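Everything numeric here is computed off the predicted structure, so don't read it as measured data. Every heavy atom of this structure was used, including side-chain atoms; hydrogens, water molecules and symmetry mates were not. FYI, the numbering just counts along the sequence from 1.
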Amino acid sequence: MNNILKLLKKYNTSILSDALDSLNINGALINIKPQTTDCNIVGIAFTVKYGQPSSYDKFIGKAADFIDNVGNNNIIILANNGRTDCTVWGGILTRVAKIKNIQGTVIDGMCRDIEDIIKYNYPIFSKGIYMKSGKGRTILTNIQVPVSIEKTIIYPGDYVRGDSNGVIIIPKNIINKVLQRAKAIQETENLIITAVNNKMPLKKARIKYKYHRPWEKHILDE
């Protein structure tokens, strides 16, 4: 795991979301939830885009083959257009992902074979769980291209952080700025917690430590 990924894992998605908010950037993936208890992940986006199958595609019912190209620092982003009527991840892919030491999978849609996912302790985030196969219902159209989940655009190589709060995407070109601001936010929150533990009123602590704009003391260093 490279140094940026190690630093990124120090901050939860709430802190990172606040850092992105300070830059007027939305990285949160709406309605994408952890389906396993082991969901503390960090990695680099490997994107997979799905579309509507042709009549021939429906007849063939071919599964999407992409996982052999995924590296061990990757988090797989499956952009299935938010569909809840079919799945794009199941037991076989889970086993291969564990063998390859892939960090996790994020689905704009559904997964299945949840018992295998839990058994292999594989981190997965999706809109939900459903049993119907995607074969013949959806089709892989591209890998490693920009994809969109709700209002968030994800580029191959962007940074991905997932935890029990959900998933957040950090554009690779601003990762250092986000990490700097996340550090300031985390330090400020720790100071406030210490202050209220020492009986300081919360309102006073928030004012003293610039709770609403904690990154400002670091901006001159950017």
Is the shortest side-chain heavy-atom distance between [X] and [Y] below 4.5 Å?
X	Y	value
K10	Q186	no
Y159	L5	yes
D108	K127	yes
N80	W89	no
N26	L20	no
V178	Y11	no
D158	I77	no

Non-neighbouring partners of N12 that pass side chain to side chain contact (heavy atoms under 4.5 Å, CB included), sequence neighbours left out: S14, I15, D163
Checking D113 now: which residues fulfil side chain to side chain contact (heavy atoms under 4.5 Å, CB included) with it, not counting sequence neighbours? E115, D116
For the NZ atom on K33, are there more than 12 heavy atoms of other groups (residues, nucleotides or ligands in this structure) within a distance under 6.0 Å? no
Tell me whether the count of non-hydrogen atoms from other residues, nucleotides or ligands lying under 6.0 Å of CD1 in I129 goes above 12. yes
I need the [X] [atom1] to [Y] [atom2] distance, nearest 0.5 Å.
X	Y	atom1	atom2	result
I4	L179	CD1	CG	7.0 Å
I76	I102	CD1	CD1	4.0 Å
N72	K100	CG	NZ	8.5 Å
M110	T84	CE	OG1	5.5 Å
I185	S22	CD1	OG	5.5 Å

Judged by atom type as modelled, is there a donor-acceptor pair below 3.5 Å linking the side chain of [X] to the main-chain atoms of [Y]?
X	Y	value
T188	A184	yes
Q103	N101	yes
K172	P156	yes

Side-chain donor-acceptor pairs of residues 117-126 under 3.5 Å, sequence neighbours excluded:
residue : atom : partner : partner atom : Å
N121    : ND2  : D38     : OD2          : 3.3
Y122    : OH   : G104    : O            : 3.3
Y122    : OH   : T105    : OG1          : 2.7
S126    : OG   : Q35     : NE2          : 3.4
S126    : OG   : G128    : N            : 3.2
S126    : OG   : G128    : O            : 2.8

Look at the side-chain heavy atoms of Ile, Leu, Val, Met, Phe, Trp and Tyr, link any pair under 4.5 Å apart, and say whether [X] and [Y] land in one connected group.
X	Y	answer
I75	I170	no
F66	V106	no
L23	L7	yes
V160	L8	no
I143	V88	yes

With sequence neighbours left out, the residues meeting salt bridge (charged side-chain N to carboxylate O under 4.0 Å, His left out) with R112 are none
By salt bridge (charged side-chain N to carboxylate O under 4.0 Å, His left out) - contacts of D68 (at least two apart): none
Closest non-hydrogen atom pair between [X] and [Y], with its separation:
X	Y	result
I169	P171	O-CD, 3.8 Å
C86	G134	CB-CA, 3.9 Å
L16	A182	CD2-CB, 4.0 Å

Exercise answer: donor-acceptor pairs, residues 40-53 side-chain atoms, under 3.5 Å, sequence neighbours excluded:
residue : atom : partner : partner atom : Å
N40     : OD1  : R161    : NH1          : 2.7
N40     : OD1  : R161    : NH2          : 2.9
T47     : OG1  : Q144    : N            : 3.4
T47     : OG1  : V145    : N            : 3.0
T47     : OG1  : V145    : O            : 2.7

